[in-house]
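Numbers restart at 1 for each chain; the letters A, B, ... are given by sequence-line order, proteins then strands.
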Amino acid sequence: MNVWKLILGEILFRKTGFALSVFAVTIASTLFVAGPTLIQGYSRETRAVIEIERQALDKELHRLDDETRKIMRDIGFNLRIVHRDTNMADFWASDYSTVDMPQDYVDRLANAEALTLVVHLVATLQQKVKWNDRTALLVGYLPETPQPHRKKKKPMGFNIDPGTIYLGHELGIGRKEGEQVEVLGKSFKVARILGEKGDKQDVTIAMSLGDAQEVLDKKDRVNQILALGCRCAGERLPKIRAQLEAVLPETKITEIRGIAVARAEQRDLVTAQKKAIIAANERKRSDVESLMGTLDAVLTPVVVLACVIWIGLMALGNVRERRNEIGVLRALGLGTRKVAALFLGKAAIVGVLGGLIGFGGGTLLAYQVGVQALEVSTEHFSPKVALFFWTAFGAPVLTALASYLPTLAAVMQDPAEVLREE
Amino acid sequence: MSALNLDHISKIYQGPDGQVSALQDFSLEVSTGEFVAVRGPSGCGKSTLLLIAGGLLAPDAGKVILDGEDVYAKSLEERARYRSLKLGFVFQQFHLVPYLSVLNNVLTAAIPNAANGTRERAESLIARFGLEPRKNHVPGQLSTGERQRAALARALFNEPKLLLADEPTGNLDRDNADAVLAHLEEFKSQGGAVLLVTHDETAASHADRQVELGQLSTK
């Protein structure tokens, strides 16, 4: 016979009281475990959902961005590279640069690995000409010069076969594709009549660069390199200028600002929208998490405190109920430590049992609430090891503390008083 | 040889109407192998005397010498241990632990000393008191006589020097009372000392010596 046998015997004898105490610890432990487990599961779900949304959005926005890029590309080039000596006042008045430059400039640009902010290089030779009593802009196009160090993209500009021309909408009125026309003394076949665009392209005669050089008598010369700058608006233009200066100091660059800004703003808009959608979702889930955290921080201590008081009262009742037993055990020679062990040992059993059941119950509760009410995936729930130890060791300590005063009352009880009452 | 020496014991209680003197300069010696009965009417201080003798209630004056040692010179814990080694208690209300079987109730006397190999002794005592068929029954399943015999077996478990019996036959019929008293006499005959407090003349008549306690005096 020992103290543990006495404790177990008493537990079996007063099952209801014991069960109520275990129930109280179970409730407290359940809440103690359920809150953080639920928050952890929800938080994991949040991270996963945001990540999936981010990936989906990235994919969708990448597609949108690509579409935008194509649309913006179709709007046209947004950079013009001309000879450094070009008088820009004359340029804007006549729509082309009167100062030409060697054709191989475009090759130097294309092969310059340092030129990272400029793509789609198309060399042209332009000049106003009289054609059939009308003023037309003759433009010779060199097909886009590929940049070997860059990823290959769909080329921009025209790729016009030698001996053929494209006529702008205005110039094409009354003409038919396939007919032969003469331009500056050379015969060309009209390969395409371009649709109405509402700008100078409508009065353009487009041909291959070689043909243009021949009819204008400017062999191996160009007077403009068109290009597309990556997001040239804002502070990037000085960077592009710096890159160009390093590669080709004989040139200068102008920005077709409307197109550049539209392109940049469109891209920025898409990015901002992407960020806003993700941020809104993150904020929404963070609000729910915060609400759960607040509830947990308020509710759990209140319930734990209520349970501690409840267990203390139950223990006090138990001490009063066992007055005679304690008196006799003291008369038989049981010391105060063993009497204290009777009550603290029972409290520890109540704590361990309630803590373990509560840990299981709390995990299950978090799982049920998370899955049913908050639609959290089951994979994001897992028992928290740290909480297991806190509950398994914390609950017995708490019940022992709650039973401390009743135990003290049992220890301090005067056996003579009880035995004299007979 | 003296098993118990109560030397000029006084005990005063603080009552609602003033101080009540339960014992006043009371002396008594119980020798080894002696059966002493203390008689007196209800409320004359018999139980107080027994609790003082048992090291459970410190007297206001006087000494309690048990088996040659001053009981109240010891600390509370030492006294508890000394009590478990030297004394056996039998009460009118039996005071068995309600959730333990007869066997385990007897074995509770082994807890203070954490004694091993005690089950055989407990079973032998149970057999000696005719409780063999009841050894696994809890007190609620026993008759009053059986309960008192179980309490007696528990009291004798540690082979005490002195058995303190407080109205042990108060709740028993004549046959059971005689049986209990016979066991007390048997314990005495084996060299133990018995101090019985009772108001029952018949019970007291089994003692070798009777001591009368008077009415409490109120100051």
Side-chain angles (χ1 to χ4, degrees), chain A residues 1-19 21 314-315 317-346 349-350 407-422, chain B residues 11 13 22 45-48 50-52 54-58 75-89 91-101 103-115 118-119 122 138 140 151 154-155 157-158 160 164 166-167 170-171:
Chain A
M1 175 56 62
N2 54 36
V3 168
W4 282 110
K5 281 186 182 169
L6 274 179
I7 292 171
L8 292 176
E10 200 269 333
I11 286 171
L12 292 173
F13 184 66
R14 297 189 177 95
K15 294 185 194 80
T16 310
F18 177 73
S21 296
M314 293 284 292
N318 190 241
V319 168
R320 293 175 73 88
E321 201 174 7
R322 298 170 71 184
R323 280 184 82 228
N324 280 351
E325 181 191 331
I326 297 162
V328 171
L329 290 172
R330 292 293 297 277
L332 287 174
L334 233 71
T336 51
R337 266 184 239 135
K338 283 189 174 167
V339 172
L342 273 181
F343 291 92
L344 293 178
K346 183 181 174 183
I349 291 175
V350 166
T407 302
L408 207 60
V411 169
M412 303 284 283
Q413 183 183 300
D414 185 355
E417 232 172 78
V418 179
L419 298 172
R420 214 174 52 222
E421 281 169 9
E422 277 199 333
Chain B
K11 182 68 187 177
Y13 291 118
K46 299 193 297 291
S47 292
T48 298
L50 209 72
L51 292 170
I52 289 172
L56 289 164
L57 184 64
S75 71
L76 201 67
E77 293 298 309
E78 284 172 344
R79 212 186 306 159
R81 184 165 165 71
Y82 196 65
R83 195 161 51 235
S84 73
L85 293 171
K86 304 288 180 182
L87 287 175
F89 280 96
F91 305 96
Q92 183 178 356
Q93 300 293 345
F94 327 122
H95 287 312
L96 295 169
V97 180
Y99 50 83
L100 295 180
S101 66
L103 177 63
N104 282 332
N105 258 294
V106 175
L107 283 169
T108 51
I111 299 175
N113 303 310
T118 52
R119 191 184 168 94
V138 292
R154 180 180 65 186
F157 180 83
N158 286 324
L164 298 172
D166 187 359
E167 301 277 14
N171 282 338

Looking at every heavy atom in both A/Arg330 and B/Arg83, which two are closest together, and how far apart are they? O-NH2, 2.7 Å

Please identify each residue that fulfils side-chain hydrogen bond (donor to acceptor under 3.5 Å, both in side chains) with A/Arg14, with sequence neighbours left out. A/Glu10, A/Glu321

Calculate, to the nearest 0.5 Å, the distance between atoms CG and CD belonging to B/Leu100 and A/Glu325 respectively. 7.5 Å

Residue pair A/Asp414 / B/Leu56: nearest heavy atoms and the distance that separates them: OD1-O, 4.0 Å

Between A/Leu332 and B/Pro112, the two heavy atoms sitting closest are O-CG, 3.5 Å

What are the two closest heavy atoms between B/Phe91 and A/Ala331, and how far apart are they? CZ-CB, 4.3 Å

Heavy atoms of B/Ser84 and A/Gly333 approach each other most closely as CB-CA, 3.9 Å

Once rounded to the nearest 0.5 Å, what's the spacing between atom CG of A/Asn324 and atom CG of B/Leu96? 11.5 Å

B/Leu50 versus chain A, heavy atoms under 4.5 Å apart: side chain, backbone, both or neither? neither

Once side-chain hydrogen bond (donor to acceptor under 3.5 Å, both in side chains) is applied, do any residues pair with A/Arg320, and if so which ones, sequence neighbours excluded? none

Where do B/Tyr99 and A/Gly9 come nearest, in terms of heavy atoms and distance? CD1-C, 3.4 Å

If we define contacts as heavy-atom pairs under 4.5 Å, which of B/Arg79, B/Glu78, B/Arg154 has the most with chain A? B/Arg154

Derivation of the side chain to side chain contact (heavy atoms under 4.5 Å, CB included) call for A/Leu334 and B/Ile111: CA-CA 7 Å; A/Leu334 233 71; B/Ile111 299 175; 3.5 Å; yes

Taking it one step at a time, do A/Leu6 and B/Asn104 satisfy side chain to side chain contact (heavy atoms under 4.5 Å, CB included)? CA-CA 9 Å; A/Leu6 274 179; B/Asn104 282 332; over 6 Å; no

